Structures are given as structure tokens and as C-alpha cells.
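Here's the structure, in C-alpha cells; my notes come after.
Computed from a predicted structure; not experimentally measured.
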Amino acid sequence: MLKEEKEIWIAQRADPYVIRHTDGIYYFMASVPAYDRIVLRSAEKLEELADAEEVTIWMKHETGTMGNHIWAPELHYIKGHWYIYFAAGDAEDKWHIRPYVLECTGQNPMTDAWVERGMMQCAPEDEFSFRSFSLDATVFENHGEYYYVWAEKVGVGKMISNLYIARMESPVKLATVQVLLTTPDYEWERRGFWVNEGPAVLKHQGKIYLTYSASDTGVNYCMGMLTADENADLLDPEQWSKKREPVLATCREKGIFGPGHNSFTTDAEGNPVLVFHARTEEKIEGDPLYNPNRHAMLRHVIFGIDGEPRFFL
């Protein structure tokens, strides 16, 4: 068991993302409380990331796009290049949230320069994607194809955050129109706000498990899960099944509130590890979005006799 499983791993880092590269090096990034930059740290061991030096590799613009609300960056290595996918608002309109891409000019994401590739591009025939509040993109590979999954708000009056998927043409452009994966169907996805967001992918024994977060960002925040066979048509929503109950939620007995916005990595032996943020206090001072006390935590993933992952606090 990792020592950090019983305590806060990295304080005041929301939307944590960890990737273990092919050379065994771990990289960690997350949303910082000021929402004004993208930071990155690396280490040879997962537990060492907590004390690793944090480097600012990109700062928000003072005007225009990518000028506010820098959220949920993820680092991905695609076809020999490093990319960061993140969401950002405009300096003059912080709620004009859209997905953007950075590309590293070299092989060392900590020290090599990063260039802006602009907003993620949808397929030419797609009239809907990224027209509204869009965030929390993740990327995963299956049978040589890359897929992009993200949250986007739709609706008239009260907006609803859904999850969509598309196949990628390149690291900066989608090849297919959006497909709706999940909308907030259940009461536990509709507390405070109607939300499905923060997708993350775990593969195990021929299955693809896609976790996501639901409801507002306070104590109601929790994780749901979709499942598909790795040989299925992943752009067919009927090939995905959805859990009727959350797979991880607030546990007052253990003092962990609002667990969510997770990612997956592996420990030194290759065992899957859940990386997520949560709060350690039930009462939140001020607006939950701007309260800095969402902390990164770790838990090993346990698989049941049915092969499905189980998540425990």
C-alpha cells in the first residue's frame, strides 16, 4: 500500500492527472488554485511526485483567449510527441470556456519549449462541438485509433453538462462528429448542477472503463462509470453501459468529501492506481469553485470477481 493512500498526497491540487511514460518516469499536473498557469512535476517513483519540484511551463494570456480559468490540464504522448490538453476562458470573459492544445518541441516536457496549437478543432461537418462551454478533455488509444472525450454544456435556460466522444484525425483535430456518451440521468448526477464531466479511462481484461464526475464541486461531487468492450464500436453509444449508482462518493466516516475528477496510473509493479481530488472538510467557505482545498489523493484499484474495478476510500 502506498503511504499516501491514508492521507492527502498533494495539497491544493484539483483535477490531478498522472502519466507514467514508457521510460518509467512519472509526470503530474493539476489545476492550481489561481487558475492562471500550467504546472508540471516529474519523479522516478509515484510517491516522490509529492515532493518533486513543480515547474511552470505555461502562463495564461493577459488578453484574449486562454486568458482566464486555466483548468484540468492533461499530458499525453501521442505518436512520438507530447501534448497538453486543457480548458481556458477568455481574459475578458472567463466563462467562455473552450478546449486548447499545447505541443512540446522536444522529448523532455519539463525543460523543452511548448508551443500553442490553438483551440481543438472539430470535424468539418460537425456543427455542434466546442460551440458552448467545453472542458475536461481526455485522450485514449484503442486498437491504434485515438479518441477524444470531453464535457460540454447544452440546453436552454439551465445548462446541462454532457460527455461526448469523437475519433481523432490528429492530436489537434477530430475526424468524426460528436457522439453523446452520457447525460446526467440520475439524481446523484443532478445535485447543485446537472453535470457529467472529468472523463478518465482504465483498460482491464478486454474492457474499457470510463469514469467521470457528477454534480457540483462540493460534497455532492462523485464518480460514475461507463463500460464498453475494447472490440466494440466506441462511437456507438449503445455499446456503452452506465452504472446506475456512483462508484465513489463522499464518506463522512473517513472525512473525505466530494471525491472526483480522477485519472489512472500504475505503481512500480504495474498495478492500477486511482488519482483523484477530494476535500477534507464538509463545510466549504465561499464559492466551492474558488475554495483551494481540493487535494490530490491516491488509492489502489481493486478488481471484483466480475472483473470490474472497485474504488474505495
Side chain to side chain donor-acceptor pair (under 3.5 Å) contacts in which one or both residues fall within residues 165-179, not counting sequence neighbours:
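Counting only pairs at least two positions apart or across chains, the side chain to side chain donor-acceptor pair (under 3.5 Å) contacts touching residues 165-179 are S129-Q178.
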Give me each pair satisfying side chain to side chain donor-acceptor pair (under 3.5 Å) with a member in residues 100-109, each pair once, sequence neighbours excluded.
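Counting only pairs at least two positions apart or across chains, the side chain to side chain donor-acceptor pair (under 3.5 Å) contacts touching residues 100-109 are Y77-Q107, Y83-E103, E103-R117, N108-T111.
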Would H143 and N231 satisfy side chain to side chain donor-acceptor pair (under 3.5 Å), going step by step from the backbone distance to the final call?
CA-CA 8 Å; H143 295 322; N231 295 315; 2.8 Å; yes
Provide the closest heavy-atom pair for [X] versus [Y] in the form atom of the first, atom of the second, distance.
{"X": "Y186", "Y": "K242", "value": "CE1-CE, 4.0 Å"}
{"X": "Q12", "Y": "N293", "value": "NE2-OD1, 3.0 Å"}
{"X": "D267", "Y": "Y26", "value": "C-OH, 3.2 Å"}
{"X": "C104", "Y": "D112", "value": "SG-CB, 3.6 Å"}
{"X": "L289", "Y": "T217", "value": "N-OG1, 4.0 Å"}
{"X": "I57", "Y": "P109", "value": "CG2-O, 4.1 Å"}

A side-chain contact here means heavy atoms from C-beta on lying under 4.5 Å apart; do [X] and [Y] qualify?
{"X": "T280", "Y": "F257", "answer": "no"}
{"X": "F28", "Y": "W9", "answer": "yes"}
{"X": "P184", "Y": "I160", "answer": "yes"}
{"X": "L40", "Y": "I38", "answer": "no"}
{"X": "F86", "Y": "I70", "answer": "yes"}
{"X": "P99", "Y": "M119", "answer": "yes"}
{"X": "W82", "Y": "I19", "answer": "yes"}
{"X": "L210", "Y": "M225", "answer": "no"}

One pair to check against side-chain contact (heavy atoms from CB on, under 4.5 Å): H300 and N271. What are the steps and the verdict?
CA-CA 8 Å; H300 271 100; N271 302 306; 4.2 Å; yes
Interatomic distance, [X] atom [atom1] to [Y] atom [atom2] [nearest 0.5 angstrom]:
{"X": "L313", "Y": "E253", "atom1": "CG", "atom2": "CD", "answer": "10.5 Å"}
{"X": "F130", "Y": "C122", "atom1": "CZ", "atom2": "SG", "answer": "6.5 Å"}
{"X": "R299", "Y": "F312", "atom1": "CZ", "atom2": "CZ", "answer": "12.0 Å"}
{"X": "Y221", "Y": "S215", "atom1": "OH", "atom2": "OG", "answer": "9.5 Å"}
{"X": "S241", "Y": "L226", "atom1": "OG", "atom2": "CG", "answer": "7.5 Å"}
{"X": "E48", "Y": "R41", "atom1": "CD", "atom2": "CZ", "answer": "12.5 Å"}

Apply ring-ring contact (aromatic ring centres under 6.0 Å, His included) to the pair W150 and Y85, showing each step before the final yes or no.
CA-CA 10 Å; W150 75 100; Y85 297 89; over 10 Å; no
What pairs of residues pass the salt bridge (Lys or Arg N to Asp or Glu O under 4.0 Å) test when at least one of them lies in residues 218-236, not counting sequence neighbours?
K207-D229
Return each pair, listed once, that meets salt bridge (Lys or Arg N to Asp or Glu O under 4.0 Å) where at least one residue sits in residues 7-35; pairs must be two or more places apart or across chains.
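Qualifying pairs, neighbours excluded: K3-E7, R13-E54.
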With a sphere of 6.0 Å drawn around [atom1] of [X], does it hold more than 12 non-hydrogen atoms of other residues, nucleotides or ligands?
{"X": "E127", "atom1": "CD", "result": "no"}
{"X": "F128", "atom1": "CZ", "result": "no"}
{"X": "F193", "atom1": "CZ", "result": "no"}

With the 4.5 Å side-chain cut-off for hydrophobic clustering, are [X] and [Y] part of the same group?
{"X": "L49", "Y": "V39", "result": "no"}
{"X": "M66", "Y": "M59", "result": "no"}
{"X": "I256", "Y": "V301", "result": "yes"}
{"X": "M223", "Y": "L202", "result": "yes"}
{"X": "M297", "Y": "V275", "result": "no"}

From CA spacing to verdict: salt bridge (Lys or Arg N to Asp or Glu O under 4.0 Å), K243, E308
CA-CA 11 Å; K243 286 285 188 183; E308 288 195 350; 2.7 Å; yes
Have a look at W240 and tell me which of T182, T227, I208 forms a side chain to side chain contact (heavy atoms under 4.5 Å, CB included) with it.
I208
With sequence neighbours excluded, what pairs up with R279 under the salt bridge (Lys or Arg N to Asp or Glu O under 4.0 Å) test?
none
Using salt bridge (Lys or Arg N to Asp or Glu O under 4.0 Å) as the criterion, list what pairs up with R244, not counting sequence neighbours.
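So R244 forms no salt bridge (Lys or Arg N to Asp or Glu O under 4.0 Å) with any residue.
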Residue pair [X] / [Y], side-chain donor-acceptor N/O under 3.5 Å:
{"X": "S161", "Y": "N196", "result": "no"}
{"X": "S213", "Y": "E197", "result": "no"}
{"X": "D90", "Y": "T65", "result": "no"}
{"X": "N68", "Y": "H96", "result": "no"}

Are E282 and R252 ion-paired here, with the side-chain N under 4.0 Å from a carboxylate O?
yes
Output, in order, the C-alpha distance, side-chain angles, deciding distance and verdict of side-chain contact (heavy atoms from CB on, under 4.5 Å) for K203 and F264.
CA-CA 10 Å; K203 295 182 179 181; F264 295 101; over 6 Å; no
Sub-3.5 Å donor-acceptor pair from the side chain of R294 to the main-chain atoms of P33, do we have one?
no
Could you walk me through whether W58 and T56 satisfy the side-chain contact (heavy atoms from CB on, under 4.5 Å) test, starting with their C-alpha distance in whole Å, then the side-chain angles of each, then the deciding distance to 0.1 Å, before giving a yes or no?
CA-CA 6 Å; W58 183 87; T56 297; over 6 Å; no
Do H204 and F303 have ring centroids that are under 6.0 Å from one another?
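Yes - the distance between ring centres of F303 and H204 falls below the 6.0 Å cut-off.
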Out of the candidates Y27, Y17, F140, only one should pair with H76 under the ring pair (Phe, Tyr, Trp, His ring centres under 6.0 Å) rule; please name it.
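Of Y27, Y17, F140, ring pair (Phe, Tyr, Trp, His ring centres under 6.0 Å) with H76 is met by Y17 alone.
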S132 and E152: side chain to side chain donor-acceptor pair (under 3.5 Å), yes or no, with the steps?
CA-CA 7 Å; S132 184; E152 186 159 353; 5.1 Å; no
Report the C-alpha separation of I84 and M29 in whole Å, then their side-chain angles, then the decisive distance to 0.1 Å, and conclude whether the side-chain contact (heavy atoms from CB on, under 4.5 Å) test is met.
CA-CA 10 Å; I84 291 174; M29 57 185 4; 3.7 Å; yes
Dump the intermediate steps for ring-ring contact (aromatic ring centres under 6.0 Å, His included) on F133 and H69, then the final yes or no.
CA-CA 12 Å; F133 188 103; H69 277 166; 8.5 Å; no
